[in-house]
Amino acid sequence: MQLIIKFIIDMSQRVKIKAILSSEKTNYQATVKGWVRTFRNNQFIALNDGSTNNNLQVVVSEQDMDPAEFKRITRGAAISVTGEIIPSLGKGQKLEMKAASLEILGDCDAEAYPIQPQKQSLEFLREIAHLRFRTNTFGAVFRLRHSLAFAVHQFFNEKGFVYLHTPIITASDAEGAGEMFRVTTLDLEKLPRNIDGDIDFKEDFFGRSTNLTVSGQLEGELGAMAFGDIYTFGPTFRAENSNTARHLAEFWMIEPEMAFYDLKDNMDLAEEFIKYVIGYALQHNREDLEFLAQRLADEEKQKPQQERSEMGLIEKLEFVLNNQFERITYTEAIDILKNSKPNKNKKFQYIVEEWGTDLQSEHERYLVEKHFKKPVILTDYPAAIKSFYMKRNDDGKTVRAMDILFPGIGEIVGGSQREENYDKLVERMESMHVPVEELSWYLDTRRFGTAPHAGFGLGFERLVLFVSGMTNIRDVIPFPRTPKNAEF
RNA sequence: GGAUAAAUAGCUCAACGGCAGAGCAGCGCCCUGUUAAGGCGCAGGUUGAAAGUUCGAAUCUUUCUUUAUCCGCCA
């Protein structure tokens, strides 16, 4: 607060529009710099500088200006204005700036500028992702994204976690988390071959085959075995040909890994974490959320009655904050689904019949959106459908896995307690054809002072998707990478 | 990877076998305390691409491209 006041007093400094609008103060000189959103009535400039979704109304007088200069005040132009902040003479805003001097910093050809003061489709704006930040919707989304990222670090920092940077380039392709992108400096026109005719990766940059990471978990576990609690937060790459509104080829994942945690501790942390960052956004991004809530409400009006959601965006976020996530086992979920109406009426595309099959999206959605109507943590999945590193339960059939399912998003968190017993882990790897030799460094944690531990992965964009109320994951990352798309 | 749908002016859409249109944006003029300002006028098109059916195709058929939605993979 002190900083803001200092900026206001020092009139030679540029002041952020957010600081001006959030203060009651009037009758002082200030300089603002930003981009013209609209220019109404040859008199009123709606100026936005990205600090807030709200614009500052700048009042200019045509008579006081050089006509050539005046014509350059166009939608999209970057300008610097110095003037007095006064109580607005018109309705619709409390404050406005009476311009004393105005400088065009950067012209904007209004005819060629694709951002227009009307509803533009999200698909079109996605094609001009380099300019879409300048719209209200994307301004709100990406300020929100920033806040959520900041809250992630703050949460873990407050809890004493160490932020560990796990590698982006990795030589292990044994994690089974998905198809990988190859990293190479080999000349694709002239690939070196060994005696057997295979590609000779000894000639490659790292002297071996390398890929982009699909998960920092295995390296994260190494850190947890020293620091106790660590988290990673970095880009993750999956070369899956996934064409959905909730998959990206390049996305940001948060992966905490905690020594001495069991599955319950893991769930408790995940729930506390999600609630913390949502709470942070509610507290710090009220205006952006209110704008996004309105946008969502307008969108909902277009839908048929039964498809509309019962809660508004902010209401939905507060509901998540104030209610316990439902915790049930896979086995309980199967029972609920078996006895559910859509299963009995054969409304499900995939009818739930026996224990052991993986749940389909429609089943997850039924549990979350119809049955419990809140986030659900599913635990203790059949071992056969989960990864090699998950700890086996005493029943021999299930593993200590947990997936957190969110309405509209599906799986937002996937995690587990890890198998800390060397022999059991190796046995499991062998039966799942995971190359034991290649992961000897990972197995060393189980050889030297192994300890119970657990962790999870949270898809950051899926979190932003949920909090922003957007529906396509491509609209919550600045420059989405998806199959057949790596523009910008 | 599979299924379905869509593609018309810069943008958002209409025309659904018979002359391709509106709103917004742009340009010109007018108005001047506006609120995605308003008024009058002008300009803007190889209807995603290619082929076919037809007297006639934006409209029907086929192929391709791109996009969206759903499913699969998953965070």
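Reminder, nothing fancy here: chain letters follow the sequence lines and each chain counts from 1.
Rounded to whole Å, atom P of B/U69 lies 11 Å from atom CG of A/Leu465. The nearest whole Å value for the distance from the CZ atom in A/Phe460 to the P atom in B/C74 is 23 Å. The CD1-P distance, from A/Ile473 to B/C70, rounds to 12 Å in whole Å. Rounded to whole angstrom, the span from the CZ atom of A/Phe251 across to the P atom of B/C73 amounts to 15 Å. Across the protein-nucleic acid pair, A/Lys386 atom NZ and B/A75 atom C1' stand 11 Å apart, rounded to whole Å. The distance from atom CD1 of A/Ile128 to atom C1' of B/A25 is 13 Å, rounded to the nearest whole Å. Atom CZ in A/Arg75 sits about 10 Å away from atom C1' in B/G10, given to the nearest Å. Here the C1' atom of nucleotide B/U34 and the NZ atom of A/Lys94 are 20 Å apart, to the nearest Å.
Looking at heavy-atom distances under 4.0 Å, A/Asn472 makes contact with sugar-phosphate atoms alone, never a base. If you check every strand for non-hydrogen atoms under 4.0 Å, A/Arg246 touches a base. Nucleic acid contact for A/Lys98: none, since no nucleic acid atom lies under 4.0 Å from a heavy atom of the residue. Within 4.0 Å (heavy atoms only), A/Glu255 reaches no atom of the nucleic acid at all. Among the protein residues, A/Leu463 comes within range of no part of the nucleic acid, since none of its heavy atoms lies under 4.0 Å from any strand. The residue A/Glu250 sits apart from the nucleic acid: no heavy atom pair falls under 4.0 Å. Using a 4.0 Å heavy-atom cutoff across all strands shown, A/Leu89 reaches at least one base atom of the nucleic acid.
Across all strands shown, B/G41 pairs with B/C27; the Watson-Crick or G-U wobble distances both stay below 3.5 Å. Across every strand in view, B/C19 sits unpaired, with no contact that passes the Watson-Crick or G-U test at under 3.5 angstrom. Summarising the base pairing, B/U8 is matched to no nucleotide, lacking a Watson-Crick or G-U wobble pair whose two defining distances lie under 3.5 Å. In this entry B/G52 has B/C60 as its Watson-Crick or G-U wobble partner, both defining distances falling under 3.5 Å. When both pairing distances are held under 3.5 Å, B/C70 makes a Watson-Crick or G-U pair with B/G2.
With A/Phe388 as the aromatic partner, A/Arg428 does not meet the cation-pi criteria of under 6.0 angstrom to the ring centre and within 45 degrees of the ring axis. For the pair A/Lys341 and A/Phe348, the cation-pi criterion (under 6.0 Å, within 45° of the ring axis) is not fulfilled.
Of the charged side-chain nitrogens involved, none lies within less than 4.0 Å of a carboxylate oxygen, so that A/Lys98 and A/Glu84 do not count as a salt-bridged pair.
Only the C1' atoms considered, B/C40 is 35 Å distant from B/A7, to the nearest whole Å. Distance check on atom C1': B/A51 versus B/G28 gives 45 Å, rounded to whole Å. Using atom P as the reference point in both B/G52 and B/A9, the two lie 25 Å apart (nearest Å). Using C1' as the reference atom, B/C16 and B/A58 are 9 Å apart when rounded to the nearest Å. Across B/A25 and B/C11, the matching C1' atoms stand 7 Å from one another, rounded to whole Å. Remark: the separation of the P atoms in B/G38 and B/C24 is 7 Å, to the nearest Å. Rounded to a whole angstrom, the distance from the P atom of B/A57 to that of B/G17 is 14 Å. Using C1' as the reference atom, B/A49 and B/C74 are 35 Å apart when rounded to the nearest Å.
Taking 4.5 Å as the limit, every side-chain heavy atom of A/Ile328 sits out of range of all side-chain heavy atoms of A/Thr379.
Between the side chains of A/Glu96 and A/Ser88, a donor-acceptor pair is found at a separation under 3.5 Å. Side chains of A/Glu255 and A/Ser215: a donor on one and an acceptor on the other come within 3.5 Å. Between the side chains of A/Thr236 and A/Arg238, no donor-acceptor pair of N or O atoms lies under 3.5 Å. Between the side chains of A/Asn53 and A/Arg143, at least one donor N or O lies within less than 3.5 Å of an accepting N or O.
Annotation for A/Lys373: atom NZ does not count as buried by contact number, only 12 or fewer foreign heavy atoms lying within 6.0 Å.
Evaluation of atom-type donor-acceptor distances gives no pair under 3.5 Å for the side chain of A/Glu240 against the base of B/G72. At a cut-off of 3.5 angstrom, counting only N and O atoms as typed in the model, there is no donor on one side facing an acceptor on the other between the side-chain of A/Gln63 and the base of B/U32. You won't find any donor-acceptor pair under 3.5 Å spanning the side chain of A/Ser242 and the base of B/C74, going by distance alone.
Residue A/Arg238 places its side chain closer to B/A75 than to any other of B/G33, B/U69, B/A75. Of the candidate nucleotides B/U66, B/G72, B/A75, B/U66 has the atom lying nearest to any side-chain atom of A/Lys484. The side chain of A/Phe124 has B/U12 as its nearest neighbour among B/U67, B/G26, B/U12. Considering only the side chain of A/Gln57, B/U34 comes nearest among B/C74, B/U34, B/A75. For A/Val59, counting side-chain heavy atoms from C-beta on, the closest listed nucleotide (B/A75, B/G72, B/G33) is B/G33. Here the nucleotide nearest the side chain of A/Asp358, chosen from B/U12, B/C73, B/G33, is B/C73.
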Please write out the pairs of protein N or O atoms and N or O atoms of nucleotides 36-40 of chain B separated by less than 3.5 Å, giving the distance to one decimal.
{"residue": "B/A36", "atom": "N1", "partner": "A/Gln118", "partner atom": "N", "Å": "3.3"}
{"residue": "B/A36", "atom": "N1", "partner": "A/Gln118", "partner atom": "O", "Å": "3.3"}
{"residue": "B/A36", "atom": "N1", "partner": "A/Lys119", "partner atom": "N", "Å": "2.8"}
{"residue": "B/A36", "atom": "N3", "partner": "A/Pro117", "partner atom": "O", "Å": "2.5"}
{"residue": "B/A36", "atom": "N3", "partner": "A/Gln118", "partner atom": "N", "Å": "3.0"}
{"residue": "B/A37", "atom": "OP2", "partner": "A/Thr38", "partner atom": "OG1", "Å": "3.3"}
{"residue": "B/A37", "atom": "OP2", "partner": "A/Arg40", "partner atom": "NH1", "Å": "2.8"}
{"residue": "B/A37", "atom": "N7", "partner": "A/Asn41", "partner atom": "N", "Å": "3.2"}
{"residue": "B/A37", "atom": "N6", "partner": "A/Asn41", "partner atom": "OD1", "Å": "3.0"}
{"residue": "B/A37", "atom": "N1", "partner": "A/Asn41", "partner atom": "OD1", "Å": "3.4"}

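Ring orientation note: the planes of A/Tyr231 and A/Phe156 are close to parallel, at an angle under 30° on the 30°/60° scale.
For the pair A/Arg474 and A/Thr244, nearest-nucleotide mapping onto RNA chain B gives the more 5' position to A/Arg474. Projected onto RNA chain B by closest heavy-atom contact, A/Asp109 and A/Gln349 fall at different nucleotides, the more 5' of which corresponds to A/Asp109.
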Quiz item: A/Asn48 and A/Arg134: side chain to side chain donor-acceptor pair (under 3.5 Å), yes or no, with the steps?
Solution: CA-CA 9 Å; A/Asn48 189 283; A/Arg134 301 192 194 184; over 6 Å; no
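The phosphate of B/U12 (OP1 or OP2) has a side-chain N or O of A/Ser121 nearer than 4.0 angstrom.
In this pair, A/Phe44 does not lay its aromatic ring on the base of B/G33; centres under 5.5 Å and planes under 30 degrees do not both hold.
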